[in-house]
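Hydrogens, waters and symmetry mates are skipped; everything else that's a heavy atom, side chains included, is used. Note that this is a predicted model, so its numbers are computed, not measured.
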Amino acid sequence: MVTRRRLIAAGAAGGAALLLPAGRTAAGAPTAPTALIDPRAVPKYVTPLPVPTTMPASRTSGGVDEYVVAVRQFRQQVLPAGLPATTVWGFGSPAHPRSFAYPGPTIAATVGRPVRVTWCNQLVDERGRYLPHLLPVDPTLHWANPTGGVDGRDHRPHFTSTPGPYRGPVPTVMHVHGGHNRQESDGHPEAWFLPVARDLPAGCADGGSAYSEFRDLAAERTGVRCAPGTTSMEYANDQRATTLWYHDHTLGMTRVNLYAGLAGFYRLSGGPDDLPSGALPGSLPEQASYDLPLLIQDRTFRPDGSLWYPESRADFDDYPGPYLPGTDVPPIWNPEFFAATLVVNGAAWPVLRVQRRRYRFRLLNGCNARFLMLSVTDHPTRRPARPALPLWQVGSDGGFLPEPVAAPRILLANGQRADVVVDFTDVPAGTELYLVNEGPDEPFGGGAPGTDFPAADPRTTGQVLKFVVGDRAGADASVPPGQLSLPACAPLPAARVVRRLSLNEQESSAGPVRALLGVVAASGRPVPLGWDAPVTETPALGVTEEWELRNCTEDAHPIHVHQVQFQVLGRGHDGHTPPGPAERGFHDTVVAYPGQLTRIKVRFDLPGRYVWHCHLLEHEDNEMMRPIEVLPSGAAEGGDGSSRRAGAAG
């Protein structure tokens with residue numbers, strides 16, 4: 001078990017000046033090697049909350065809604081007006097140049113109606129030359145590695161001296177997180193592709209090792225042939241109505257590609273899981289302003305407004321450095337990163353003017369490593385926070401819960417979503433309320449803020465969003481959240497197989513090396529495995545399995561499984577402590593606590609190659625991801641040597 005790490009929270013404990021100088025703070029925490037904007041000097045609650053627009057569709061053909069969505073680089077006002085704009089990456093429709101934004105426009109989909117997206121990598125300048133990354137890319141990881149050529153792509157390169165950051169063309173591939181999609185449309189991390197650029201290096205691979213195969217599979221199924229620099233994916237939307245999101249999933253680069261801005265909402269509505277008309281705000285088009293998505297992320301900025309991300313392991317306070325070939329310690333990659341400024345929908349500390357009525361908020365934790373503990377209070381800095389209004393959770397990753405759950409505070413792990421209702425009806429006009437965060441400014445291990453760990457800095461990362469309550473305009477036809485009748489949530493059938501899996505971390509005398517997933521041997525010993533080890537998760541098509549996740553590390557990990565929405569069975573020393581009410585629905589991401597066994601029930605019904613991984617992005621990018629091979633019907637379950645038959649499991 002590794003020792004608890006003190007990680008960089010750049011600028012979070014700096015002085016009162018706008019610029020935070022290099023060096024160490026009075027508390028001894030490391031700061032960046034260059035001056036950064038001090039988050040305490042950034043004006044709060046002056047920017048109106050941006051609401052993502054809807055992605056323009058290109059056409060509808062044969063009952064399929066078609067989109068062309070590109071990735072581009074542009075400047076956007078992320079910090080409040082008066083401070084510099086920020087160069088970011090984001091999404092938009094090439095036919096509608098003004099649609100490009102960070103986060104990207106929302107893809108509005110309907111249950112049972114397919115969506116086809118042609119994703120375009122347009123990270124080139126006005127002269128057609130490739131754009132290098134905005135952030136430092138560690139070339140020593142097991143990563144996409146385009147300039148390694150066909151033979152060297154998707155591998156860990158070998159160096160005889162310490163390399164600098166990768167500055168070549170940037171690969172991308174998009175994953176609809178939580179989507180029930182075929183393998184060729186899942187955004188496999190080795191299905192990345194490069195932009196069409198006039199100056200690609202000689203011998204450079206223009207696509208990942210799975211790109212051509214999945215591109216051709218998609219073409220056979222849809223008849224759509226992709227041009228270079230693009231790929232086509234089709235989403236059947238044959239799942240419960242819910243809030244999904246799309247983001248980059250390139251092997252070994254997700255942390256920096258997503259931090260640069262590559263994320264957006266994918267909203268799946270309609271079908272039998274839709275609430276009755278008017279039962280919740282947002283169920284009718286004219287009520288859209290009462291149904292709002294909130295993408296919460298943390299970012300650190302330089303004085304010129306540019307994004308800052310750790311540039312070296314020297315930014316990590318217990319790493320002696322320098323990198324030496326043969327030590328296997330990455331010279332740039334950091335185990336986790338906690339930035340200094342909270343950003344909602346692409347704006348730092350925005351304000352939302354609400355009416356005295358009920359609002360539906362679709363919360364998404366899009367941070368790299370930060371767990372969020374959210375509540376609505378009447379004071380932005382008082383700790384412990386005293387909730388002023390309950391958060392009524394009506395849905396999770398996989399759609400509506402069996403019944404509404406009122407909570408003073410909601411834990412939101414990386415990649416997770418929570419569908420909540422906040423009732424401002426009885427709040428006097430003129431009242432100011434705050435969405436605050438009491439999650440830690442360090443790796444999360446469970447427990448309560450102020451008791452088991454220090455809460456986030458109440459001056460900075462402990463604040464998220466301000467609400468200003470005004471009088472209601474018109475009637476509120478929605479139902480009080482405690483009176484809602486939500487759609488039924490049928491459980492999966494009993495599990496036939498138990499799969500014993502492990503979460504692990506590797507340390508060296510030079511500091512953390514990587515995080516890994518693996519299996520548990522019959523002896524009970526964890527067996528860590530890298531990304532390219534032989535496949536051990538080989539479920540048979542349509543067979544319900546129970547996965548036991550044994551966390552052998554000191555920190556909690558949000559574990560995300562592709563293709564499926566699963567059910568949480570239990571936790572604790574033996575995995576039999578039942579989940580709380582907010583976890584009784586369906587999920588695609590679950591928190592695995594340190595020293596505990598987390599049990600989930602899962603069933604795959606699409607064959608092919610998928611992945612499961614930790615959604616702490618720095619972990620995912622450095623080996624904490626494993627392949628899944630879903631076998632045809634009738635194939636033998638197991639494959640990892642540790643599965644056993646379950647009598648009446650689940």
Side-chain angles (χ1 to χ4, degrees), residues 10-11 18-20 32-39 41-43 47 50 52-53 69-94 96-105 120-138 164-172 174 194-195 197 199 229 247-248 250 253-264 295 297-311 315 332 337 339-350 366-368 617:
L18 182 62
L19 298 187
L20 177 66
T34 56
L36 301 173
I37 290 180
D38 182 346
V42 175
T47 305
T53 60
V69 180
V71 173
R72 288 181 180 174
Q73 178 172 299
F74 48 88
R75 289 178 65 77
Q76 181 169 308
Q77 194 68 46
V78 180
L79 293 166
L83 293 175
T86 301
T87 299
V88 295
W89 293 347
F91 298 94
S93 167
H96 302 82
R98 297 183 65 181
S99 67
F100 282 85
Y102 151 65
C120 309
N121 185 339
Q122 295 184 352
L123 291 175
V124 295
D125 66 16
E126 65 281 357
R127 297 175 60 184
R129 301 171 300 186
Y130 70 81
L131 291 167
H133 213 292
L134 299 175
L135 307 166
V137 177
D138 193 326
Y166 169 78
R167 299 293 295 168
V170 177
T172 62
M174 299 309 148
L194 294 182
D199 59 343
H247 64 80
D248 180 79
T250 303
M253 292 184 67
T254 301
R255 70 196 183 287
V256 285
N257 284 3
L258 203 154
Y259 192 88
L262 298 187
L295 169 58
Q297 298 173 300
D298 54 348
R299 297 291 184 264
T300 292
F301 300 90
R302 294 186 179 92
D304 63 359
S306 62
L307 295 168
W308 184 86
Y309 187 85
E311 301 166 359
D315 298 328
I332 296 174
F337 176 57
T341 301
L342 287 196
V343 172
V344 186
N345 292 352
W349 288 305
C367 300
N368 280 37
L617 300 185

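- Looking at Ser99 and His96, their side chains never bring a donor and an acceptor atom within 3.5 Å of each other.
- Between the side chain of His133 and the backbone N or O of Leu135, at least one donor-acceptor pair lies under 3.5 Å.
- Between the side chain of Arg75 and the backbone N or O of Ala85 there is at least one donor-acceptor pair closer than 3.5 Å.
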| query | Can you list the steps and then say if Ile332 with Val137 is a side-chain contact (heavy atoms from CB on, under 4.5 Å)? | reply | CA-CA 7 Å; Ile332 296 174; Val137 177; over 6 Å; no
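- Here the closest heavy-atom approach between residue Leu123 and residue Thr172 is recorded as CD1-CG2, 4.2 Å.
- Here the closest heavy-atom approach between residue Gln73 and residue Trp89 is recorded as OE1-NE1, 2.9 Å.
- Shown are Leu617, Asp298, Thr300; of these, the side-chain contact (heavy atoms from CB on, under 4.5 Å) with Phe337 is made only by Thr300.
- Among all heavy-atom pairs drawn from Val170 and Met253, the shortest one is CG1-CE, 4.1 Å.
- At a threshold of 4.5 Å between non-hydrogen side-chain atoms, the residues Trp349 and Pro39 count as touching.
- Remark: side-chain polar atoms of Thr86 are paired, donor with acceptor, to backbone N or O of Gly305 under 3.5 angstrom.
- For the pair Leu194/Tyr130, no side-chain contact is recorded, criterion being any heavy-atom separation below 4.5 Å from C-beta on.
- Counting heavy atoms from C-beta outward, Val88 and Phe100 have side chains that stay 4.5 Å or more apart.
- Side-chain atoms of Asn121 and Pro169, non-hydrogen and from C-beta on, never get closer than 4.5 Å to each other.
- Under the 4.5 Å side-chain criterion, counting only non-hydrogen atoms from C-beta, Thr250 is in contact with Pro171.
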Should Thr87 and Phe74 be marked as a side-chain contact (heavy atoms from CB on, under 4.5 Å) after you check the CA-CA gap, both sets of side-chain angles, and the distance that decides it?
CA-CA 6 Å; Thr87 299; Phe74 48 88; over 6 Å; no
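- Taking every heavy atom of both residues into account, Pro136 and Pro310 meet most closely at CG-O, 3.1 Å.
- No side-chain heavy atom of Val69 sits under 4.5 Å from any side-chain heavy atom of Met174.
- Looking at Leu262 and His247, their side chains never come closer than 4.5 Å, going by heavy atoms from C-beta outward.
- The minimum heavy-atom distance between Gln77 and Leu79, with the atom names listed, is NE2-O, 3.0 Å.
- Ala35 and Pro303 get closest at one heavy-atom pair: O-CD, 3.2 Å.
- Counting only heavy atoms from C-beta outward, the side chains of Val344 and Gln297 never approach each other to under 4.5 Å.
- Checking side-chain atoms of Asn345 against main-chain N and O of Pro50 turns up a donor-acceptor pair under 3.5 Å.
- Residues that satisfy the side-chain contact (heavy atoms from CB on, under 4.5 Å) test with Pro94, not counting sequence neighbours, are Val68, Ala70, Arg72, Gln122.
- Remark: side-chain polar atoms of Arg302 are paired, donor with acceptor, to backbone N or O of Leu307 under 3.5 angstrom.
- Taking the ring centre of Tyr259 as origin, the terminal cationic atom of Arg299 falls inside the region bounded by 6.0 Å and 45° from the ring axis.
- A side-chain donor-acceptor contact under 3.5 Å links Asn368 to the backbone of Arg255.
- Between Leu83 atom CG and Phe301 atom CZ the span is 9.5 Å, to the nearest 0.5 Å.
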